[in-house]
There are 2 protein chains.
Amino acid sequence: MSDLVTRLRRHNWRITPQRRVIAETLEGSHVHFTAEQVLERAVERMPELSRATVYNTLNEMVALGEVLELALDGRSKRYDPNADHEHHHLICEGCGLMKDVHTVADPADWLPGDERHGFTLARSSVTYRGLCPDCQTAP
Amino acid sequence: MSDLVTRLRRHNWRITPQRRVIAETLEGSHVHFTAEQVLERAVERMPELSRATVYNTLNEMVALGEVLELALDGRSKRYDPNADHEHHHLICEGCGLMKDVHTVADPADWLPGDERHGFTLARSSVTYRGLCPDCQTAP
DNA sequence: ATCCTAGCTTAGACTGTGTCTAAACAAAGA
DNA sequence: TCTTTGTTTAGACACAGTCTAAGCTAGGAT
Ligand SMILES: [Mn+2]
Ligand SMILES: [Mn+2]
Ligand SMILES: [Zn+2]
Ligand SMILES: [Zn+2]
């Protein structure tokens, strides 16, 4: 049913009712929810669910590498269940709309050796900002 | 003296003593300070300087386009006086060290037309994460 | 079946980061 | 000088997220 739940189960991590609801909420139609948005929606299915559990669970899923944590503006972090598909983000500066996008090559290839300062590279992410079609016409 | 101050002056924006101290602090040897770090250091030169003025001034410099605001983790924003030189960032996941880096091409070229969802692109930024030389040996 | 233990969940207090407000202050122009 | 407009200030406030201490499971051992 939930692909994220099956990925999580592989880490032999206990799938409690709370964790299941949180994972399934996160994976729903719209992605890139904030923790508070996950709570809001998950509470509809499990009214006694607590804020602390949502934050704890999201942090654990990030630590397991099955969810991405996006800190793209200075506001709430956003959580992305799509951690098993390499992708980047395109954000509308007008309305905040966020789309997944795919680049034609690995951004790491665009960083020459003499710009790496002896670092080992683990991951790269690209953020594109602009205006969505709606915000171009009605600014 | 301070290149940032001369850039700011072009916007016919009043350079008050407070704003000068903030701009010069931001432009000092180490870049990518948080607002609190700017305050800490600026207060050494102007003890009566207030926290509100630091936040106000940094936001104004960002709005003028002369300072970049970086929200790369979920913690404090960082302020980058180097807004007139296109560059990206390489961050150590061990110690938080942040280096400026330059890519061999414009990241906008890596995003094909059919991945733009009708957006107009305004700016692109790449964040590379990994381990710095120190953190590789002493993890 | 019962007990034990480790892990999970909870409410609410707490912290860090940033914004807002209202009043005092400063500068520039008439 | 007087007026007007913009700037600075202290502190209250708001938001996002973490921590704590207590209670609650679930599963294993006996
Ligand atoms: Mn995504
Ligand atoms: Mn920089
Ligand atoms: Zn938009
Ligand atoms: Zn390091």
Side-chain angles (χ1 to χ4, degrees), chain A residues 5 8-26 32-64 66-80 96 98, chain B residues 5 8-26 32-64 66-80 96 98:
Chain A
V5 169
L8 289 166
R9 206 193 301 281
R10 286 190 203 117
H11 295 269
N12 47 326
W13 187 60
R14 263 170 60 186
I15 309 290
T16 64
Q18 288 87 345
R19 288 173 176 179
R20 170 182 297 281
V21 168
I22 292 166
E24 290 178 357
T25 300
L26 186 61
H32 308 130
F33 282 153
T34 66
E36 298 292 337
Q37 289 171 327
V38 171
L39 174 61
E40 229 172 76
R41 285 159 180 81
V43 145
E44 291 169 10
R45 286 177 56 190
M46 182 180 275
E48 72 282 15
L49 179 68
S50 77
R51 215 165 71 100
T53 296
V54 172
Y55 277 94
N56 289 342
T57 299
L58 290 172
N59 284 337
E60 286 156 11
M61 297 189 308
V62 170
L64 291 175
E66 298 297 352
V67 165
L68 296 178
E69 185 179 75
L70 307 175
L72 297 175
D73 51 9
R75 328 179 69 131
S76 316
K77 292 175 189 165
R78 296 183 170 269
Y79 293 90
D80 187 338
M98 192 187 310
Chain B
V5 169
L8 289 166
R9 205 191 303 278
R10 284 191 205 120
H11 296 268
N12 47 326
W13 187 59
R14 265 172 54 188
I15 310 290
T16 65
Q18 289 88 343
R19 289 173 174 178
R20 170 182 298 282
V21 168
I22 291 166
E24 290 178 356
T25 299
L26 188 61
H32 308 131
F33 282 151
T34 66
E36 297 293 335
Q37 288 172 329
V38 171
L39 173 61
E40 231 172 74
R41 284 160 180 80
V43 145
E44 290 169 12
R45 287 178 55 192
M46 182 180 277
E48 72 281 15
L49 179 68
S50 76
R51 214 167 71 98
T53 296
V54 172
Y55 277 94
N56 289 344
T57 300
L58 290 172
N59 284 338
E60 286 156 10
M61 297 189 308
V62 170
L64 292 175
E66 298 297 350
V67 164
L68 298 178
E69 184 178 75
L70 307 175
L72 297 174
D73 52 8
R75 327 179 67 134
S76 316
K77 291 176 192 166
R78 296 182 169 272
Y79 293 89
D80 188 337
M98 192 187 309

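A note on names: the letters A, B, ... follow the listed sequences, proteins ahead of strands, and every chain is numbered from 1.
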If you look at every strand shown and take non-hydrogen atoms under 4.0 Å, does R51(A) touch a base, only sugar-phosphate, or nothing?
base

Is the backbone N or O of R14(A) less than 3.5 Å from a side-chain atom of R19(A), with the two atoms forming a donor-acceptor pair by type?
yes

CD of E40(A) to CZ of F33(A): how many Å apart, nearest 0.5 Å?
9.0 Å

One should read off an interatomic distance between R51(B) CZ and N56(B) CG, to the nearest 0.5 angstrom, of 11.0 Å

Do you know which two heavy atoms are closest between L64(A) and L8(A), and how far apart they sit?
CD1-CD2, 4.0 Å

Please give, in whole Å, the distance from dT9(C) C1' to N56(A) CG?
8 Å

Rounded distance in Å - OH (Y55(A)) to P (dC14(C))
19 Å

Step by step, work out the side-chain contact (heavy atoms from CB on, under 4.5 Å) result for K77(B) and L58(B).
CA-CA 11 Å; K77(B) 291 176 192 166; L58(B) 290 172; over 6 Å; no

When the distance from CH2 of W13(B) to C1' of dA27(C) is rounded to whole Å, what number comes out?
16 Å

Atom CG of N12(B) to atom P of dA28(C): distance rounded to whole Å?
13 Å

Once you round it to whole Å, what is the distance between C1' of dC8(C) and CD1 of I22(A)?
11 Å

Taking DNA chain C as the partner, which of residues 38-50 of chain A come within under 4.0 angstrom of it by heavy atom?
E48(A), L49(A), S50(A)

Measure the distance from CD on E36(B) to P on dT15(C) and round it to the nearest whole Å.
16 Å

May I have the distance from L58(B) (atom CG) to dT17(C) (atom P), rounded to whole angstrom?
14 Å

Heavy-atom neighbours of R45(B) CZ exceed 12 at 6.0 Å:
yes

To the nearest 0.5 Å, tell me how far Y79(A) OH sits from N59(A) CG.
5.0 Å

What residues in residues 72-79 of chain B put a non-hydrogen atom under 4.0 Å from any atom of DNA chain C?
S76(B), K77(B)

On DNA chain D, which is the earliest and which the latest nucleotide, 5' to 3', with an atom closer than 4.0 Å to a heavy atom of chain B?
dT7(D) to dA10(D)

Which value, rounded to the nearest 0.5 Å, describes the distance between H32(A) atom NE2 and R78(A) atom CZ?
9.0 Å

Decide yes or no on side-chain contact (heavy atoms from CB on, under 4.5 Å) for V54(A) and V43(A), but give the supporting numbers first.
CA-CA 10 Å; V54(A) 172; V43(A) 145; over 6 Å; no

Taking all atoms of both residues into account, what is the closest heavy-atom pair of L39(B) and L49(B), and its distance?
CD1-O, 4.2 Å

